[in-house]
Engineer: 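To start, I am sharing the structure in question, which I have written as structure tokens.
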Protein chains: 2
Amino acid sequence: MPYVMVQIPRSPAPASPSGSSVPTSADVARLAGVSRATVSYVLNNTSAVRISEPTRRRVHEAAKELGYVPHAAARSLRAGHSRMVLMPAPTIPVGPLYSQFLSELQGALGRLDYTVVQYGTAGVHGDEAARAWAELRPVAVLVPGSGLGPQGVAVLKRSGARAVVTLGPGTVDGAHALLMDHAAVGRAAAAHLYARGGRRIGVVVPEEPGLEVFSRPRLHGVRHALRGTDATVTELPLAYDEEAAARLAGRWRSLGLDAVFAYNDEYAMLLMRALKDDGVRVPGETAVIGADDLMLGRLLRPRLSTVHIELPSGRDLAELVDRAVRNPTAPPERREVLGASVVARDST
Amino acid sequence: MPYVMVQIPRSPAPASPSGSSVPTSADVARLAGVSRATVSYVLNNTSAVRISEPTRRRVHEAAKELGYVPHAAARSLRAGHSRMVLMPAPTIPVGPLYSQFLSELQGALGRLDYTVVQYGTAGVHGDEAARAWAELRPVAVLVPGSGLGPQGVAVLKRSGARAVVTLGPGTVDGAHALLMDHAAVGRAAAAHLYARGGRRIGVVVPEEPGLEVFSRPRLHGVRHALRGTDATVTELPLAYDEEAAARLAGRWRSLGLDAVFAYNDEYAMLLMRALKDDGVRVPGETAVIGADDLMLGRLLRPRLSTVHIELPSGRDLAELVDRAVRNPTAPPERREVLGASVVARDST
DNA sequence: TTGAAAGCGTTACCAC
DNA sequence: GTGGTAACGCTTTCAA
């Protein structure tokens, strides 16, 4: 019996569309010979419905063969909600402290089955940005800094966010607040310098844009701690480069300062180097304290005194978010979460 | 007349839903007294259709009053594509160099009207993660590091990604590659040390997990540059803490090294401090070179020699992405983008 | 100039 | 056990 050419019938609805298009659950259903509903049941392990084992296998195989990946947008459109937690991506380089906090947070939220997404806000700020975030319909929004106003919070909530949490210096109407009061850092530094005999106290204020969020509260904290004492506070604007530091050091003796809070350890290192190059003794003539308790402070000589900062654990924040999402009508929590404690070393 | 319980009728289609639900374009249409189509035309400034000015105003006012924000998922579901560029969020603290690159990139992509999103991949890696990313149907995916395999690329492309770009040491089938060959950093460092007379050369290898991606190529680069010379290479595992550094310094003289490439400037600072504490002269007994050209290297004494690293401009990468998206069938570009040049200071 | 309607991919309700 | 079907919010063609 001779081989015959058989006409391969062109299926009216091709089982595997011409490669270029993205496979949908309908494609999986066709290939497995079942309905779309069945595919959904199998792939989501829906417990309310019993599907025979052979069917399950066929569906899984079809999905694998097509490289099927469910469409998150369609899913959350249908469900009416998502499990996306949105944060704006940081716009300034972020230190190891905050990096680790962020990692922890992402891990913890991931374990609670949330998807964390950092939104690359290009240029837009605060309440305008909130509109862009709201388009993604996140179930929760975490906002570091102080850009977001009550308007922004309202927009986000109106568009379905069940929790808005700010991480920063203040509270915003309608949002939960993790208060990170950087004034406490300034207060700790100032109290320490004062206790060590400092009376004419300088405060380095970085000129780099974006750092005001931290530098201003730190400065205010110093002022606050020294109010009513005989100490004076001198603001010292400083750019993060050697020339600026050298210039500042050059007029150091004319400033007559006996102590300085250098914003953080990196600026402290910059300043101490410039002071040493100019022959100003630390801590003899001027005591220097930094902040953030970075490794580099331990490596300097004299060893750098610093303000150690304690951030909340990512797990705690993740649980707060989860609680807030589960119970959106609960009153906003506001919690003070920034711990500041002086680590006295040799520079003060 | 006694109070009676009245059954409040459930309105079949409330004109303005009871505040709790999210306003849709249908709500805007109702309030403005127009159809949903008109709302869409007005809010998207559709030029193909002329809408009378009074109508436009009514629509805008209604949208504003309701706090309407369009639903990105619904939109991209309908459109069949989005303008989301997805990157995995970094899992290790990222230096100022890379931070700035990321900022630039986000800004540049934003100007090209893309939305950059960093996906907080919790624990999952490589090709598994690719599935999760694919659910968001991004138009492009940028992957730093070397976690992604050809499988992952295939999954992403099958689910509609028009461009996959890896930023890392190697190329992956089907993906564009921005080759950041950290071996070049090691080669530059080694060549410099050798030229300065180093023959027994140590290479610090951080023990911190996640840094192997960089440390291994840097080590290999050193080995490669010194192959065929009379120099020897000694691998020096080192954790980023003072005790580990002190231990290493303690056995330094027994190692008999006359030069060391310390992975980067921070490890170099750690090591130099420990060496100095043990009385090992730098560069007299041992030359030290770091990498990354951080500010702190300039502040050390002796001033730290380092390998300056040049990353591609964010604008360039953004344009590559845009080109790739516009022309998905073009063959993958592979471009070498990491420049490494020695900055000789006083430590070598 | 505006409105009606289809359809994007998914899931959940209700019949079979 | 399984399959049809409606609905989520939006854009866009076609018709009025």
Side-chain angles (χ1 to χ4, degrees), chain A residues 13 17 21-59 62-63 66-83 134-137 139 158-160, chain B residues 12-13 17 21-59 62-63 66-83 134-139 158-160:
Chain A
S21 92
V22 181
T24 72
S25 74
D27 295 320
V28 177
R30 258 192 298 274
L31 184 57
V34 300
S35 75
R36 303 206 319 287
T38 305
V39 170
S40 176
Y41 292 143
V42 171
L43 296 184
N44 295 306
N45 263 319
T46 306
S47 50
V49 175
R50 289 256 156 293
I51 306 280
S52 71
E53 202 46 52
T55 304
R56 305 185 87 83
R57 234 198 351 265
R58 281 216 312 286
V59 169
L66 294 178
Y68 169 72
V69 175
H71 193 309
R75 176 178 293 183
S76 67
L77 184 58
R78 162 68 220 213
H81 58 86
S82 73
R83 298 207 35 101
E135 294 193 357
L136 296 185
R137 297 289 192 272
V139 69
R158 281 210 70 93
S159 51
Chain B
S21 92
V22 181
T24 73
S25 75
D27 296 320
V28 177
R30 257 192 299 274
L31 184 57
V34 299
S35 74
R36 307 212 310 292
T38 306
V39 171
S40 177
Y41 291 144
V42 171
L43 296 184
N44 295 305
N45 262 320
T46 306
S47 50
V49 174
R50 287 256 154 295
I51 306 281
S52 70
E53 202 46 52
T55 304
R56 305 185 85 83
R57 231 197 354 264
R58 281 217 313 287
V59 169
L66 293 177
Y68 170 72
V69 175
H71 193 309
R75 176 179 295 186
S76 66
L77 185 59
R78 163 70 221 216
H81 57 86
S82 74
R83 296 200 47 94
E135 295 193 358
L136 296 185
R137 298 289 190 272
V139 69
R158 282 210 70 92
S159 52

Engineer: Could you tell me which non-hydrogen atom of B:Pro23 sits nearest to which non-hydrogen atom of B:Gly67, and how far apart they are?
Structural biologist: CG-O, 4.0 Å
Engineer: To the nearest Å, give me how far apart CZ (A:Arg30) and C1' (D:dG3) are.
Structural biologist: 15 Å
Engineer: Output the rounded distance in Å from CZ (A:Arg56) to C1' (D:dT2).
Structural biologist: 13 Å
Engineer: What is the separation between atom CG on B:Asp27 and atom P on D:dC10, rounded to the nearest whole Å?
Structural biologist: 9 Å
Engineer: Could you work out which one of D:dC10, D:dT11, C:dA4 sits closest to the side chain of B:Ala37?
Structural biologist: C:dA4
Engineer: Looking only at non-hydrogen atoms, find the nearest pair between A:Ala26 and A:Arg36 and report the distance.
Structural biologist: CB-CD, 3.4 Å
Engineer: How many Å lie between NE2 on B:His81 and P on C:dG9, as a whole number?
Structural biologist: 13 Å
Engineer: Please classify the nucleic acid contact of B:Thr55 as base, sugar-phosphate, or nothing, using heavy-atom distances under 4.0 Å.
Structural biologist: sugar-phosphate
Engineer: Write down the atom of B:Tyr68, the atom of B:Leu43, and the distance for their closest heavy-atom approach.
Structural biologist: CE2-CD1, 3.5 Å
Engineer: In whole angstrom, what separates A:Arg158's CZ from D:dG9's P?
Structural biologist: 14 Å
Engineer: Give me the atom names and distance for the closest heavy-atom approach of B:Asp27 to B:Val22.
Structural biologist: OD2-O, 3.9 Å
Engineer: For D:dG3, take OP1 and OP2 only and decide whether either is under 4.0 Å from a side-chain N or O of A:Thr38.
Structural biologist: yes
Engineer: Whole Å only: how far is the CD atom of B:Glu135 from the C1' atom of C:dT10?
Structural biologist: 12 Å
Engineer: Check the distance between C:dG3's P and B:Arg36's CZ and give it to me in whole angstrom.
Structural biologist: 12 Å
Engineer: Indicate, yes or no, whether a donor-acceptor pair under 3.5 Å links the base of D:dT11 to the side chain of B:Arg78.
Structural biologist: yes
Engineer: Ignoring the backbone of A:Thr24, work out which of D:dG4, C:dT10, D:dG9 is nearest its side chain.
Structural biologist: C:dT10
Engineer: Considering just the side-chain nitrogens and oxygens of A:Arg75, establish if one lies under 4.0 Å of OP1 or OP2 belonging to C:dG9.
Structural biologist: no
Engineer: On a heavy-atom basis, which atom in B:Arg75 and which in B:Pro70 lie closest, and how many Å separate them?
Structural biologist: NH2-CB, 3.3 Å
Engineer: Starting at atom CG of B:Asn44, determine the distance to atom C1' of D:dT13, rounded to an integer number of angstrom.
Structural biologist: 16 Å
Engineer: Return the nearest nucleotide to the side chain of B:Ile51; candidates are C:dT2, D:dG3, C:dT10.
Structural biologist: C:dT2
Engineer: Looking at every strand, decide which applies to B:Leu77 at a 4.0 Å heavy-atom threshold: base, sugar-phosphate, or nothing.
Structural biologist: base
Engineer: To the side chain of B:Ser52, which of D:dT12, C:dT1, D:dG9 is closest?
Structural biologist: C:dT1
Engineer: Under the 3.5 Å rule, do the base of D:dC10 and the side chain of B:Tyr41 count as making a donor-acceptor pair?
Structural biologist: no
